[in-house]
Trainee: 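Please see the structure below; I have some questions.
Keep in mind that the numbers below use all heavy atoms, side chains included, and drop hydrogens, waters and symmetry copies.
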Amino acid sequence: MENLVADLLRRVGEDPEREGLRKTPERVARSLEYLTKGYNEDPKTVINGALFVEEYSEMIVLKDLDFFSLCEHHMLPFFGKANVAYIPKHQIVGISKLARLVDVYARRLQVQERLTTQIATMLMDELDPLGVAVVLRAEHLCMRMRGVEKQNSVVVTSAMLGIFRSHQETRQEFMTFVNSSNGR
Ligand SMILES: [Zn+2]
């Protein structure tokens with residue numbers, strides 16, 4: 001990968017041998033490995049190790065979780081806040097595992113829509129809850145830096161499954177949590 005980055009530097013008109021750039025190929029390679037480490041992690045394993053049987057049946061909401069991803073079209077960052085909720089049927093999962101799950105999918109080349117759906121579907125399949133809701137709000141540097149869209153525009157995506165899809169009140173309760181945010 002380092003050779004590719006050195007090549008890339010030459011292609012954009014740089015000299016990879018100049019002092020400031022000498023270690024750049026190595027740094028970029030390492031950073032890219034980190035930003036795509038989700039490919040080496042199994043989301044099922046993240047969840048399955050941390051399931052508890054619990055007779056709790058109220059909404060559990062993880063709010064305003066920071067996430068960082070790379071858009072698959074430009075390999076530029078998109079990042080923002082993730083809101084994840086579920087209503088258990090017979091088992092719950094550690095909150096920190098929800099955050100890990102978001103990270104496993106975010107640390108890949110993504111589109112925001114797929115990232116949203118993957119998180120929701122995985123929780124629905126593995127937790128077997130009454131429902132799952134995921135809302136992501138993100139800024140896309142490929143739009144902001146390239147002047148494609150208005151500055152400061154935020155992309156919002158959502159996935160509502162089970163009771164969040166069928167019951168408007170439940171969905172509304174979740175959206176009230178999400179919108180009470182001071183963040184993005
Ligand atoms: Zn893009």
Side-chain angles (χ1 to χ4, degrees), residues 1-50 61-85 93-123 134-159 177-184:
M1 199 178 322
E2 291 175 33
N3 291 336
L4 288 172
V5 178
D7 236 1
L8 199 63
L9 287 168
R10 272 180 221 108
R11 295 287 176 100
V12 300
E14 266 294 355
D15 169 16
E17 298 304 323
R18 79 174 167 82
E19 206 188 336
L21 291 179
R22 216 167 287 157
K23 288 196 164 169
T24 297
E26 186 193 326
R27 290 195 195 99
V28 172
R30 234 185 296 137
S31 130
L32 205 55
E33 248 167 58
Y34 180 80
L35 298 176
T36 57
K37 68 188 166 98
Y39 289 115
N40 300 320
E41 295 170 319
D42 180 8
K44 275 190 191 179
T45 314
V46 169
I47 294 296
N48 282 334
V61 184
L62 175 64
K63 202 169 96 97
D64 286 346
L65 174 77
D66 285 319
F67 76 90
F68 300 87
S69 191
L70 289 175
C71 91
E72 69 181 18
H73 302 132
H74 305 93
M75 292 178 73
L76 285 171
F78 68 96
F79 57 95
K81 305 280 185 188
N83 297 276
V84 180
V93 66
I95 291 282
S96 67
K97 301 299 173 180
L98 290 181
R100 277 273 326 271
L101 182 69
V102 171
D103 214 42
V104 166
Y105 284 120
R107 300 293 188 187
R108 300 175 181 196
L109 299 184
Q110 279 287 8
V111 295
Q112 189 178 328
E113 294 85 345
R114 187 174 66 231
L115 176 57
T116 310
T117 315
Q118 282 178 332
I119 297 164
T121 308
M122 175 56 67
L123 285 174
V134 178
V135 170
L136 302 188
R137 297 180 176 184
E139 303 177 43
H140 290 243
L141 289 191
C142 65
M143 293 197 288
R144 306 246 338 235
M145 292 179 77
R146 296 163 64 243
V148 176
E149 298 261 319
K150 279 192 184 124
Q151 294 293 309
N152 299 319
S153 65
V154 168
V155 178
V156 183
T157 48
S158 71
F177 272 123
V178 171
N179 291 327
S180 66
S181 147
N182 304 318
R184 297 181 190 93

Trainee: What is the minimum heavy-atom distance between Gly20 and Thr24, and which atoms define it?
Mentor: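 In this case the closest contact between Gly20 and Thr24 is O-OG1, 3.6 Å.
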Trainee: Does Asp103 reach the side chain of Glu41, with side-chain heavy atoms less than 4.5 Å apart?
Mentor: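 When only atoms from C-beta onward are counted, Glu41 and Asp103 do not touch, as no gap falls below 4.5 Å.
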Trainee: Once rounded to the nearest 0.5 Å, what's the spacing between atom OG of Ser96 and atom CG of Leu62?
Mentor: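 So the OG of Ser96 and the CG of Leu62 are separated by 10.0 Å.
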Trainee: If you draw a 6.0 Å radius around CG in Asp42, do more than 12 non-hydrogen atoms from other residues or ligands fall strictly inside?
Mentor: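 Enclosed: over 12 neighbouring heavy atoms sit under 6.0 Å from CG of Asp42.
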Trainee: Any side-chain heavy-atom pair from Asn83 and Val134 closer than 4.5 angstrom?
Mentor: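 SC-SC contact between Asn83 and Val134 ruled out.
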Trainee: Between atom NE2 of His73 and atom CG of Leu109, what is the distance when rounded to the nearest 0.5 Å?
Mentor: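 Output value for this atom pair is 10.0 Å.
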Trainee: State the CG-CZ distance between Leu115 and Arg107, to the nearest 0.5 angstrom.
Mentor: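 With rounding to 0.5 Å, CG (Leu115) is 11.5 Å from CZ (Arg107).
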Trainee: Can Asp66 and Lys81 be said to form a side chain to side chain contact (heavy atoms under 4.5 Å, CB included), step by step?
Mentor: CA-CA 5 Å; Asp66 285 319; Lys81 305 280 185 188; 2.8 Å; yes
Trainee: Compare all side-chain heavy atoms of Leu136 with those of Phe67 and state whether any distance is below 4.5 angstrom.
Mentor: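 Leu136 vs Phe67: side chains touch.
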Trainee: Do Arg108 side-chain atoms and Thr36 backbone N/O form a donor-acceptor pair below 3.5 Å?
Mentor: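 No.
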Trainee: Does Glu2 use its side chain to pair, donor to acceptor, with the backbone of Ala29 at less than 3.5 Å?
Mentor: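 No, the answer is negative, given that no donor and acceptor are paired below the 3.5 Å cut-off.
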Trainee: Under the 3.5 angstrom rule, does the side chain of Thr121 hit a backbone N or O of Gln118 as a donor-acceptor pair?
Mentor: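 No; judged by distance alone, with no hydrogens or angles, the pair does not exist.
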Trainee: Is there a side-chain contact between Val84 and Val61 in this structure, where contact means two heavy atoms from C-beta onward sitting under 4.5 Å apart?
Mentor: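 No; the side chains remain at least 4.5 Å from each other.
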Trainee: Take Leu65 and Val102 through the side chain to side chain contact (heavy atoms under 4.5 Å, CB included) test and state the conclusion after the steps.
Mentor: CA-CA 9 Å; Leu65 174 77; Val102 171; 3.8 Å; yes
Trainee: Which atom pair, heavy atoms only, marks the closest approach of Pro43 to Val104?
Mentor: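 Looking at all heavy atoms of both residues, the closest pair is CD-CG1, 4.0 Å.
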Trainee: Are any side-chain N or O atoms of Ser69 and backbone N or O atoms of Ala106, one a donor and one an acceptor, separated by less than 3.5 Å?
Mentor: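 Checking the backbone N and O of Ala106 against the side chain of Ser69, a donor-acceptor pair under 3.5 Å is found.
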Trainee: So, taking the atom named CE in Met145 and the one named NE2 in His140, what distance separates them when rounded to the nearest 0.5 Å?
Mentor: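 It is 14.5 Å, given to the nearest 0.5 Å.
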Trainee: Do the side chains of Glu139 and Phe79 get nearer than 4.5 Å, heavy atoms only?
Mentor: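 The answer is yes; the side chains approach within 4.5 Å.
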Trainee: To the nearest 0.5 Å, what is the distance between CZ (Arg146) and CG (Leu76)?
Mentor: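 Atom-to-atom, Arg146:CZ and Leu76:CG are 7.5 Å apart.
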Trainee: Provide the closest heavy-atom pair for Arg100 versus Val46 in the form atom of the first, atom of the second, distance.
Mentor: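 So the minimum-distance heavy-atom pair works out to NH2-CG2, 3.5 Å.
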Trainee: Is Arg10 paired with Asp7 through a side-chain N to carboxylate O contact shorter than 4.0 Å?
Mentor: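 Arg10 and Asp7: salt-bridged.
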Trainee: Is any NZ, NE, NH1 or NH2 atom of the basic residue among Glu14 and Arg18 found under 4.0 Å from an Asp or Glu carboxylate oxygen of the other?
Mentor: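 Yes, charged N to carboxylate O under 4.0 Å.
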Trainee: Please lay out, stage by stage, how Arg114 and Glu72 fare under the test salt bridge (charged side-chain N to carboxylate O under 4.0 Å, His left out).
Mentor: CA-CA 11 Å; Arg114 187 174 66 231; Glu72 69 181 18; 2.7 Å; yes
Trainee: OH/Tyr105 to OG1/Thr117 distance, rounded to the nearest 0.5 angstrom?
Mentor: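 Rounded to the nearest 0.5 Å, the OH-OG1 separation comes to 11.0 Å.
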Trainee: Determine whether Leu123 and Leu98 satisfy the following criterion, side chain to side chain contact (heavy atoms under 4.5 Å, CB included), listing intermediate values before the conclusion.
Mentor: CA-CA 9 Å; Leu123 285 174; Leu98 290 181; 3.6 Å; yes
Trainee: Any donor and acceptor pair, going by atom type alone, linking the side chain of Glu113 with main-chain N or O of Thr157 inside 3.5 Å?
Mentor: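 The answer is no, because no donor-acceptor pair under 3.5 Å joins these two groups.
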Trainee: Indicate the atoms forming the closest heavy-atom contact of Cys71 with Phe78, along with that distance.
Mentor: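 In terms of heavy atoms, the two residues are closest at N-CD2, 3.5 Å.
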Trainee: Strictly below 4.0 Å, N to O, side chains only: are Glu33 and Lys37 in salt-bridge contact?
Mentor: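 Judged by the 4.0 Å cut-off on N to carboxylate O distance, Glu33 and Lys37 do not form a salt bridge.
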Trainee: For Val178 and Arg137, run side chain to side chain contact (heavy atoms under 4.5 Å, CB included): C-alpha distance rounded to whole Å, both residues' side-chain angles, the deciding distance at 0.1 Å, then the answer.
Mentor: CA-CA 10 Å; Val178 171; Arg137 297 180 176 184; 3.6 Å; yes
